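Heads up: the structure comes next, in structure tokens.
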Amino acid sequence: HYVAAQNLMEAKKWYEKAAAQGYADAAYKLGRLYDDAHDKTKAGQYYETARQQWEKAANAGDADAQFLLAQGYALETESAKPNYSLARQWYEKAAVQGNAQAQAALGLLYHYGIGAEKDAAKADEWLKKAAAQNNTVAQITLALLAKERLDRNAQQWLEPAVAQGDADATAYLGEFYNAGFVDVQHEKEPFAQMAKELLKKAATQEKPSAYAMYRLCLLYTSPSPRD
């Protein structure tokens, strides 16, 4: 705990130096640190500093700054409530410029009707644009939405994310096999075996999937491999 606290203090020192030089990401990180320490006053000050710096770059047309500004508006903290309407506006500006993270986020907002009216067509459009740029959040979302529609090609959205090493995508593909929801011709037993292999892979990666761990527990305690 002492080493961790020492490291945190050292990090805070360098964040403060970077923030003083006008580096918005460092100011935002400081805000998060103070939020975690329940110091709403200092957290709010650093969040506002970051917002102002991002907004300056965003207004100049910087797509990355536009995305980060949108994130700042979208994420709830102890010291600030989210403003999804403003978040959507900045996501849209970044998305139009081709920022894949913004495209995925915008697709999700339209899908759930957050910060805008629900719009399935716009959600699909932006998620597919992000997926085409190998954004794994968009790829996973499109796969799950396709599965809800009972689209037997749903796995095709997961496969590129799995190829990128995304643990959650690997876990969901394992779950698709476990449910027999894949567009391949196999008997039940190979489905179950493939499901376990994929879930184990997802659960033991460097950045493992908690969902994969949970599904493995169910697989090993269930009388049926597809329960």
Side-chain angles (χ1 to χ4, degrees), residues 25 28-29 32 63-64 66-68 70-72 74-76 87-88 90-92 94-112 114 120 122-184 186 190-220 222 225-227:
D25 291 22
Y28 183 77
K29 290 285 190 182
R32 294 304 296 264
D64 290 338
Q66 290 167 346
F67 168 71
L68 290 168
Q71 288 285 84
L75 298 177
E76 183 171 6
R88 180 191 56 77
W90 285 109
Y91 280 138
E92 195 142 18
V96 167
Q97 293 198 70
N99 184 291
Q101 290 175 290
Q103 290 171 344
L106 187 59
L108 288 170
L109 289 185
Y110 278 121
H111 173 69
Y112 289 109
I114 299 173
K122 284 186 177 180
D124 189 63
E125 174 191 355
W126 287 114
L127 287 169
K128 284 180 176 175
K129 284 179 183 291
Q133 295 194 68
N134 282 324
N135 181 276
T136 57
V137 171
Q139 290 165 339
I140 291 170
T141 302
L142 286 166
L144 296 177
L145 292 176
K147 186 173 184 289
E148 285 181 10
R149 298 193 303 269
L150 302 180
D151 181 348
R152 303 295 296 188
N153 294 315
Q155 76 192 70
Q156 293 180 11
W157 289 110
L158 284 178
E159 286 165 352
V162 172
Q164 292 181 71
D166 188 280
D168 285 330
T170 305
Y172 283 120
L173 186 58
E175 188 57 23
F176 279 24
Y177 270 95
N178 183 52
F181 198 85
V182 282
D183 189 28
V184 292
H186 282 312
F191 270 174
Q193 185 58 37
M194 180 63 75
K196 285 182 179 178
E197 289 176 6
L198 287 165
L199 288 168
K200 283 181 180 178
K201 180 180 179 181
T204 56
Q205 290 183 207
E206 185 177 350
K207 293 182 179 179
S209 166
Y211 176 74
M213 297 174 188
Y214 171 71
R215 293 306 304 177
L216 277 171
C217 291
L218 296 183
L219 276 180
Y220 282 110
S222 171
R226 292 195 187 180
D227 285 349

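Because the structure is predicted, anything quoted here is derived from the model rather than measured.
- In terms of heavy atoms, K196 sits closest to L219 at CG-CD1, 3.9 Å.
- The nearest pair of heavy atoms linking A146 to A154 is CB-CB, 3.6 Å.
- Residues Q205 and D166 come closest through the heavy atom pair NE2-C, 4.2 Å.
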_What verdict does the salt bridge (Lys or Arg N to Asp or Glu O under 4.0 Å) test give for E92 and R88, after you've listed the backbone C-alpha separation in whole Å, the side-chain angles of each residue and the deciding distance to 0.1 Å?_
CA-CA 6 Å; E92 195 142 18; R88 180 191 56 77; 3.1 Å; yes
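- Here CE of M213 is found 8.5 Å from OG1 of T204. Values are rounded to the nearest 0.5 Å.
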Point to revise | side chain to side chain contact (heavy atoms under 4.5 Å, CB included) between Y211 and E175, worked out | key: CA-CA 10 Å; Y211 176 74; E175 188 57 23; 3.5 Å; yes
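- When atom types are taken as modelled, the side chain of Q139 and the backbone of W157 share no donor-acceptor pair closer than 3.5 angstrom.
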Run the side-chain donor-acceptor check on residues 123-131: report pairs under 3.5 Å with partners two or more places apart or on a different chain.
residue: D124; atom: OD2; partner: K128; partner atom: NZ; Å: 3.1

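- Side-chain atoms of Y91 and Q71 form a donor-acceptor pair, as typed in the model, at a separation below 3.5 Å.
- Of the possible donor and acceptor atoms, one in the side chain of Q133 sits under 3.5 Å from a partner among the backbone N and O of G98.
- Across all non-hydrogen atoms, the minimal contact from A212 to L199 is CB-O, 3.5 Å.
- Annotation: the span from Q156 atom CD to L142 atom CG amounts to 12.0 Å, rounded to 0.5 Å.
- Contact annotation: the side chain of H111 never approaches that of T141 to less than 4.5 Å [non-hydrogen atoms, C-beta and beyond].
- Contact between N99 and A102 at its shortest, heavy atoms only, is OD1-N, 2.9 Å.
- Counting heavy atoms from C-beta outward, L144 and F176 have side chains that approach closer than 4.5 Å.
- A distance-only check finds no donor-acceptor pair linking the side chain of Q164 to the backbone of T136 [under 3.5 Å].
- At least one side-chain heavy atom of F181 sits under 4.5 Å from a side-chain heavy atom of L150.
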CA sep, side-chain torsions, deciding dist, call: L218, R215, side chain to side chain contact (heavy atoms under 4.5 Å, CB included): CA-CA 5 Å; L218 296 183; R215 293 306 304 177; 3.1 Å; yes
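- Atoms CG and NZ, from L109 and K122 in turn, are 12.0 Å apart once rounded to the nearest 0.5 Å.
- In this structure, N135 and A104 approach most closely via the heavy-atom pair OD1-CB, 3.4 Å.
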